[in-house]
Amino acid sequence: MSRPLIRPDVAAFLDFGRQSGQPPLNALPIAEARAMLVMMRVIGDADPTPLAIVRDLVIDAGGRTIPARLYDRRPTRDQSPVILFYHGGGFMVGDLETHEPFCTYLADQIDLPVLAIDYRLAPEYPFPAAPDDAEAGARWAADSPAELGFRVSSVITCGDSAGGNLAVVVARQLADRPAAVPVIAQWVLYPFFGCGKDYPSFDLFGDGYMLTEEAMDWFDQGYAAPPDDPRHNCRIGAAAPGVPLLIHVAGLDPLRDHGRAYAEKAREEGVQVRLLEAEGLIHGFICLRRAIPSAAADIDTFIAEAKAMLADLEVTVIA
């Protein structure tokens, strides 16, 4: 079997990681693992894009609160679609800080407001805390709360890795039980779809490409989701009907085939699907623009496809 293409900057990044002696996330106490991911943003990602609005919000979810952060390049809007972003991190690490550079860039380039919605993390809060919070946050946003400062006309669910899972799950939940406004698109990057390891990409890239099989086992044990629950295993149950789906997988990611398989499933069910593959790139690339400079072009490709999808939907930006 031929060796997979590895970009020079990806190879350098992986070599640096191997030589650093830094233990993997799954070898650390959970608090240290979370702090390490925040530090990786400082070291490995681009600086946040300056915006007119970066505002912390608190979502009232009926007995609990959910942190959120609003990003917008415009200081005011009358009405607009809103992009709901869910961060990755195996449902155990990650927060509003770890993905802020990507969220600011997305808001600037798309010229739509982005609402990053946090969620309770395992192992303190195992499944279904994450999808419960993700759905509650989406319904709150769909109601056009005064805290947003504009009328929400529709929502787009978006996320990376575990957050990609939540983006698809929320779209499905809101298709089954509609919110105040519709979900018009789903945009996910290197998603985890909870459908097991019986895929070639797990054998090919489960060790040595940053996201490892050991780390995924650690995440699974902490999250403790039933393998047959459709709010975890997205291969079970129908895709959100009529909601276009954009999936961007990484060529060197053990989760690559999760994305490919779900794209095929959604197409078979009649959903419009755009599938992108970043050849020679690893999991987590939206948070690695400084460490892996070539990833910036892939993010721009993703954003260009997202804009094309909006054009197909005849979505216009309304200030």
Side-chain angles (χ1 to χ4, degrees), residues 1-7 10 86 88 90-91 156-172 185-213 215-217 219-220 225 227-286 288 292 294-295 297-306 308-309:
M1 181 181 294
S2 60
R3 289 177 56 84
L5 171 72
I6 304 177
R7 302 179 190 183
V10 172
Y86 302 102
F91 307 103
I156 298 161
T157 60
C158 181
D160 76 315
S161 192
N165 176 291
L166 295 176
V168 164
V169 166
V170 167
R172 292 162 71 160
Q186 312 165 76
W187 300 342
V188 298
L189 299 113
Y190 43 87
F192 168 79
F193 282 138
C195 46
K197 301 179 185 177
D198 192 19
Y199 297 92
S201 58
F202 277 81
D203 295 330
L204 291 169
F205 310 119
D207 183 46
Y209 295 91
M210 194 168 82
L211 178 62
T212 65
E213 185 172 358
M216 288 184 283
D217 288 344
F219 292 141
D220 286 346
D228 59 350
D229 193 307
R231 290 202 299 164
H232 174 66
N233 183 345
C234 296
R235 293 296 300 276
I236 299 173
V243 183
L245 173 64
L246 170 59
I247 298 182
H248 199 169
V249 299
L252 303 178
D253 185 357
L255 296 179
R256 179 196 66 189
D257 294 346
H258 270 208
R260 289 179 176 178
Y262 192 77
E264 181 180 358
K265 166 188 168 64
R267 281 198 186 106
E268 290 174 351
E269 294 174 5
V271 174
Q272 176 194 335
V273 177
R274 298 172 187 241
L275 177 63
L276 305 174
E277 184 160 330
E279 190 176 13
L281 200 50
I282 58 174
H283 190 86
F285 65 81
I286 67 168
L288 294 170
I292 303 177
S294 69
D298 298 277
I299 295 170
D300 286 342
T301 298
F302 175 82
I303 289 174
E305 287 293 329
M309 183 176 284

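A quick note: this is a predicted structure, and the numbers were derived from the prediction, not measured. Note that these values count all heavy atoms, side chains included, but never hydrogens, waters or copies made by symmetry.
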Geometric class of the Tyr209/Phe205 ring pair [parallel <30°, tilted 30-60°, perpendicular >60°]: perpendicular
Distance-minimising heavy-atom pair for Gly159 and Ala167: N-CB, 4.0 Å
Atom pair CZ (Phe202) and CD (Glu213), whose distance is rounded to the nearest 0.5 Å: 8.0 Å
Distance, nearest 0.5 Å, that separates CG of Asp198 from CG of Asp203: 8.5 Å
Min side-chain heavy-atom separation Asp160-Val188 under 4.5 Å: no
Residue pair Thr157, Val168: steps toward the side-chain contact (heavy atoms from CB on, under 4.5 Å) verdict: CA-CA 7 Å; Thr157 60; Val168 164; over 6 Å; no
side-chain contact (heavy atoms from CB on, under 4.5 Å) between Ile299 and Leu189, worked out: CA-CA 10 Å; Ile299 295 170; Leu189 299 113; 5.9 Å; no
Worked verdict on Leu288 versus Met210 for side-chain contact (heavy atoms from CB on, under 4.5 Å): CA-CA 12 Å; Leu288 294 170; Met210 194 168 82; 4.0 Å; yes
Between CG on residue Leu5 and CG on residue Leu252, distance to nearest 0.5 Å: 7.0 Å
Those residues that, when tested against Arg274, pass side chain to side chain donor-acceptor pair (under 3.5 Å) (two or more places apart): Glu305, Asp312
Which atom of Cys234 lies closest to which atom of Asn165, heavy atoms considered: SG-ND2, 3.9 Å
Which atom of Val271 lies closest to which atom of Ala239, heavy atoms considered: CG2-CB, 4.1 Å
pair Ile247-Tyr190: side-chain heavy atoms closer than 4.5 Å: no
Asp253 bridged to Arg256 by N-O distance under 4.0 Å: no
Side-chain touch Tyr262/Val273, heavy atoms, less than 4.5 angstrom: no
Ionic contact status for Glu269 with Lys265, cut-off 4.0 Å: yes
Geometric class of the Phe192/Phe91 ring pair [parallel <30°, tilted 30-60°, perpendicular >60°]: perpendicular
Taking every non-hydrogen atom, the tightest pair across Arg260 and Val249: N-CG1, 4.4 Å
Sub-4.5 Å side-chain heavy-atom contact between Asp228 and Ile236: yes
Plane angle bin for Trp187 and Phe302 - parallel if under 30°, tilted between 30 and 60°, otherwise perpendicular: perpendicular
Shortest non-hydrogen separation from Pro230 to Val169 and the atoms involved: O-CG2, 4.3 Å
Contact summary for Leu275 and Gly259, nearest pair of heavy atoms: CD1-O, 4.4 Å
Nearest-0.5 Å distance, CZ of residue Arg231 to CG of residue Leu166: 10.0 Å
Within 6.0 angstrom of Asp217 CG, more than 12 heavy atoms from elsewhere: yes
Lys/Arg-Asp/Glu bridge criterion (N-O < 4.0 Å) met for Arg7, Glu279: no
Trace of the side-chain contact (heavy atoms from CB on, under 4.5 Å) decision for Gln186 with Ile156: CA-CA 6 Å; Gln186 312 165 76; Ile156 298 161; over 6 Å; no
Side-chain ion pair, Asp257 and Lys197, N-O less than 4.0 Å: no
Interatomic spacing from CE in Met216 to CG in Leu211 - rounded to 0.5 Å: 4.5 Å
Rounded distance (nearest 0.5 Å) linking atom NE2 of His283 with atom OG1 of Thr212: 11.0 Å
Cys195 side chain reached by His258 side chain, heavy atoms, under 4.5 Å: yes
